[in-house]
Amino acid sequence: APDEAAFQARIDEGIKIEPKDEMPDAYRKTLVRQISQHAHSEIVGQLPEGNWLTRAPTLERKLILLAKVQDEAGHGLYLYSAAETLGASRDDMQADLLSGKAKYSSIFNYPTLTWADIGAIGWLVDGAAIINQIPICRCSYGPYARAMVRVCKEESFHQRQGFDILHKLCTGTQEQKDMAQDALNRWWWPSVMMHGPRDADSVNTAQSMQWKIKLFTNDELRQKYIDQTVPQADFLGLTIPDPDLKWNEETGHYDFGEPDWDEFWNVLKGYGPCNQERLQARIDAHEGGAWVREAAAAHAEKRPRRREAAAA
Amino acid sequence: APDEAAFQARIDEGIKIEPKDEMPDAYRKTLVRQISQHAHSEIVGQLPEGNWLTRAPTLERKLILLAKVQDEAGHGLYLYSAAETLGASRDDMQADLLSGKAKYSSIFNYPTLTWADIGAIGWLVDGAAIINQIPICRCSYGPYARAMVRVCKEESFHQRQGFDILHKLCTGTQEQKDMAQDALNRWWWPSVMMHGPRDADSVNTAQSMQWKIKLFTNDELRQKYIDQTVPQADFLGLTIPDPDLKWNEETGHYDFGEPDWDEFWNVLKGYGPCNQERLQARIDAHEGGAWVREAAAAHAEKRPRRREAAAA
Amino acid sequence: MEEARYEYLLQLGDSDLILGQRLAALCGHGPALEEDIAMSNVALDLIGQARFWLSYAAEIKGGDADEDTLAFLRDAPAYRNVLLVEQPNGDYGHTIVRQCFYDVWHFFVLQALMQSTDTRIADIAAKSIKEVQYHVERSGDWVVRLGDGTEESHRRTQAAVDKLWRYTGELFRSSEAEQALVEAGIAVDVATLYEPWRAHMQALFEEATLELPGDQPMQCGGKHGEHTEHLGYVLAEMQHLQRSYPGARW
Amino acid sequence: MEEARYEYLLQLGDSDLILGQRLAALCGHGPALEEDIAMSNVALDLIGQARFWLSYAAEIKGGDADEDTLAFLRDAPAYRNVLLVEQPNGDYGHTIVRQCFYDVWHFFVLQALMQSTDTRIADIAAKSIKEVQYHVERSGDWVVRLGDGTEESHRRTQAAVDKLWRYTGELFRSSEAEQALVEAGIAVDVATLYEPWRAHMQALFEEATLELPGDQPMQCGGKHGEHTEHLGYVLAEMQHLQRSYPGARW
């Protein structure tokens with residue numbers, strides 16, 4: 001179609017697409033799906049870390065964690081707003097999350113079992129997320145790119161905080177070191193799978209790359225993540241649970257083993273350790289808060305009427 | 001009335017009144033009120049101790065406490081049964097408890113704040129209860145007297161267990177001794193008030209004594225309780241929080257100070273520290289269990305019909 | 001006097017901390033995203049303020065005391081927070097009413113403490129009061145919205161008021177430690193705050209179409225360590241890690 | 001072998017203990033007085049059995065280990081209970097279904113362990129099995145009553161089955177420690193218990209008009225210390241006193 005060709009030409013020139021610009025339906029839909037999925041991930045992502053808010057080991061750590069979880073809610077807000085510029089409504093997007101129709105990042109279906117997991121999420125999960133998200137700061141859709149700039153800045157701050165938690169553990173007692181290693185053992189492979197299925201098994205990648213919604217393939221991002229993370233693990237004195245992991249002089253990258261893709265698909269299909277709990281927590285919050293939202297709406301409608309009455 | 005005179009004569013002769021015997025309405029009503037109130041006290045009495053079931057400091061203590069709280073439910077059962085022999089229905093009695101119409105012992109409206117409180121309840125609260133209840137083993141109404149024999153036997157076992165908890169604390173660390181003293185400080189006066197208001201302020205005592213439902217006055221029971229308990233406190237090395245407490249050579253009893261009767265009446269009127277929580281816990285259990293009781297009833301009705309159908 | 005000052009700082013710090021802890025548990029579970037964020041802000045402020053008070057208390061105590069040993073290694077009877085803040089979150093009506101009762105009192109306390117002869121206390125109060133000014137506005141707004149919202153929200157909010165009212169009396173009753181400090185111009189005489197607090201509540205409740213409960217016996221005890229049954233559970237959860245790995249640094 | 005035996009005894013003891021702890025929390029809150037009493041009996045039995053297993057484990061561990069140091073001074077990753085027993089009580093349908101899944105498995109395990117070449121294990125199993133026989137009858141009766149009771153009770157109970165089913169796979173999967181002991185005739189090969197367990201459930205569910213869920217990925221991990229998020233909270237509460245007053249005797 002001639003319109004699509006013109007659209008693609010603008011993208012190829014590096015012109016940002018803005019909300020009022022014309023755009024192909026498929027572009028719009030792909031973006032709404034991806035941005036809302038990203039927003040949902042921020043919201044559901046509050047839960048595993050939130051699980052340690054009441055149990056953080058110092059007041060300072062408690063404050064840092066609380067601020068972090070709060071940032072995630074904020075990211076959710078920017079991202080829902082970015083999706084709204086494409087005509088999606090927040091209510092609809094949330095309904096899709098609660099009905100199970102929309103996805104969120106599978107990583108949040110794993111449990112946080114010790115304090116070290118809070119460190120591991122910051123270091124590994126935020127680390128992998130940043131690798132995925134930094135390219136999106138240059139993506140073709142303006143509002144998404146701009147939201148992502150803000151998100152990435154905060155995420156990299158969170159990543160350092162997570163690393164700092166683990167660093168403290170790794171320079172602590174033997175029990176603390178064991179706790180850190182155990183967390184790495186459990187979070188390593190799920191974080192490696194955060195970049196999505198192998199390129200060979202990934203759908204839609206080509207179109208998204210052409211539209212500059214996606215700038216690197218899953219496998220490229222995964223390699224970048226591993227290359228960045230292995231030296232950090234070495235620095236901490238922790239062992240990455242992958243016997244096949246080794247530096248490859250020739251490629252200048254780390255070679256690594258194959259994740260358990262069966263697990264990946266199982267978790268995606270709803271059979272992870274915490275899928276039910278995470279969704280239920282969101283449903284409970286939504287349903288338990290219904291009367292509060294209704295009250296706020298009812299009051300907002302009353303207030304101007306009262307003012308008019310008072311003025312009359 | 002001639003019937004009442006004959007009834008009183010039987011009581012005076014020491015003949016036990018049994019369910020099918022004729023009895024004055026007022027006698028029946030007084031007993032139903034007193035027995036059901038006693039049953040309610042056992043049921044609500046599960047709650048303050050139940051508060052430490054999940055936190056008992058050793059497995060053995062956990063088992064002992066669990067068995068004790070279970071015994072209290074059992075006492076509730078015997079006592080409801082005793083009241084049922086007088087024509088009261090358990091459903092009605094429980095409805096009166098939940099609506100706030102029926103009372104239970106005010107002592108259970110105090111909170112259990114430390115493990116020492118579990119010792120103090122056994123030692124002081126069960127101790128005071130036994131003093132109140134032993135005479136009832138000889139009361140004029142047969143089923144009540146017999147239920148009370150069983151209750152008292154178990155209660156005295158509980159009292160020794162409570163004393164043992166405190167004894168362990170009092171021979172432990174300074175922190176544990178302080179915990180024990182703090183528990184005595186908080187439970188002493190409420191336990192002294194368990195025998196009811198001063199005789200001068202007590203209604204119905206004369207009639208109940210004539211009917212041999214009550215065999216001693218409140219003040220007599222209170223004196224007995226204090227005389228028994230002070231040496232036990234001495235043995236533990238604890239100080240009873242009553243500056244007026246002292247041995248009176250002349251009377252052969254302890255003199256003691258005046259409890260805070262305003263507090264007594266406030267708690268009775270519903271303003272104790274835990275009145276709302278205790279009643280709410282019972283209401284929640286009752287309402288939350290409604291569907292279970294309905295299911296059991298529905299199934300009980302289905303089962304014989306199924307059997308008939310199978311036999312046909 | 002140092003013992004009294006220590007106790008007083010615990011009262012201030014523990015109340016902030018326990019309320020912050022209660023609010024932190026709501027994070028990610030609020031009735032709307034914006035609410036979640038706003039409530040986390042309040043929790044952040046309160047825990048931040050608790051750190052100021054507890055750090056000062058720890059300096060007075062000396063030895064190796066610090067904000068964390070005070071927060072994580074005292075059992076319930078050594079906590080000095082008012083009973084109001086340890087009450088469960090309940091539904092959002094309870095959360096908001098608890099917050100409103102506390103915020104308005106908190107504001108008046110800090111306002112008075114800005115004049116404390118203890119300049120460290122005055123400084124902390126001055127630093128904190130702007131945050132608390134915002135808390136007052138926010139919880140007050142919500143009381144009005146919920147009270148004068150729907151029939152259901154009105155009913156729930158009035159129930160919360162009726163349930164939590166009995167914990168407000170303690171806010172205006174001084175502990176012995178406090179009384180000693182009032183005379184030295186260090187602490188505020190909380191009894192003097194009752195009238196302005198009540199006037200504020202009366203105006204707010206009128207707008208919210210809610211009723212202030214009548215006189216009734218009040219629950220006290222928090223300031224000398226006699227708490228409700230809730231605090232033990234709050235602390236068991238909060239302190240588990242520090243208690244389980246004694247001496248570890250985090 | 002001693003290390004494997006120790007781990008195995010923890011598996012047995014921890015599962016009994018955590019389920020007993022869950023049930024103890026219900027005491028005084030059950031749907032009827034008689035139920036409260038019966039459920040407390042089950043809790044008493046389970047905690048009593050846990051003491052046997054943990055005492056034996058403590059003897060193997062040596063030093064100053066005893067049943068209480070094992071129960072109160074191990075953090076979640078050192079606990080070896082199956083995930084099923086740490087799941088929340090939920091409504092009574094969840095409590096009963098969790099119980100039924102466990103009881104039937106527990107019975108078959110003890111029945112096999114009565115033949116253990118470790119006579120201490122065989123003795124404990126023999127002592128415990130009569131109690132567990134009663135548990136099996138009781139929870140089975142209730143599954144039938146609730147499943148084939150009212151429409152509401154059927155719906156709730158089926159929901160509990162669907163929710164808890166994913167924790168049953170672990171019951172029939174041996175840990176490494178277990179496998180080593182199976183070969184020595186000390187432990188039971190739990191894989192062999194699956195068919196009888198499933199047959200029992202099938203018959204029971206048919207009577208209860210409930211459906212057994214289809215095949216699905218199962219949640220495992222408890223036997224090597226990877227639990228659900230619930231266990232940390234259970235232990236924080238259970239261990240608070242022992243952790244807060246180190247070295248005290250109770």
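Quantities reported herein were computed from a predicted structural model and do not represent experimental measurements. Letters A, B, ... are given to chains in the order of the sequence lines, protein chains preceding strands, and every chain is numbered from 1.
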Sort [X] into side chain, backbone, both or neither according to what part of it lies under 4.5 angstrom from a heavy atom of chain B.
X: Asp36(D); value: side chain
X: Tyr92(D); value: both
X: Val144(D); value: both
X: Asp141(D); value: neither
X: Leu26(D); value: neither

Part of [X] lying under 4.5 Å from any heavy atom of chain D:
X: Ala56(B); result: backbone
X: Leu169(B); result: side chain
X: Arg55(B); result: both

Which one wins on heavy-atom pair count under 4.5 Å against chain D: Thr173(B), Asp284(B), Leu63(B)?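 The candidate making the most pairs under 4.5 Å is Leu63(B).
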
Which class fits the ring pair Phe163(B) and His167(B): parallel under 30°, tilted 30 to 60°, perpendicular over 60°? parallel

Mutual orientation of the aromatic rings belonging to Phe205(D) and Phe101(D) [parallel < 30°, tilted 30-60°, perpendicular > 60°]: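 If you compare the ring of Phe205(D) with that of Phe101(D), the planes turn out parallel.
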
State plainly whether the residues [X] and [Y] are in salt-bridge range, i.e. N to O under 4.0 Å.
X: Asp103(D); Y: Arg138(D); value: no
X: Arg61(B); Y: Asp164(B); value: yes
X: Arg155(D); Y: Glu151(D); value: no
X: Glu7(D); Y: Arg80(D); value: yes

Only pairs of heavy atoms separated by less than 4.5 Å count here; which of [options] has the most with chain B?
options: Glu35(D), Met39(D), Arg156(D); value: Arg156(D)
options: Thr157(D), Asn41(D), Leu54(D); value: Asn41(D)
options: Gln239(D), His154(D), Glu152(D); value: Glu152(D)
options: Gln242(D), Arg22(D), Glu237(D), His240(D); value: Glu237(D)

Quickly, which of Asp14(D), Leu83(D), Ile18(D), Asp75(D) forms a side-chain contact (heavy atoms from CB on, under 4.5 Å) with Leu231(D)? Name it, please.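 Among Asp14(D), Leu83(D), Ile18(D), Asp75(D), the one that satisfies the side-chain contact (heavy atoms from CB on, under 4.5 Å) with Leu231(D) is Ile18(D).
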
Within 45° of the six-membered ring axis of Tyr79(D) and under 6.0 Å from that ring's centre, is NZ or CZ of Arg74(D) located there? yes

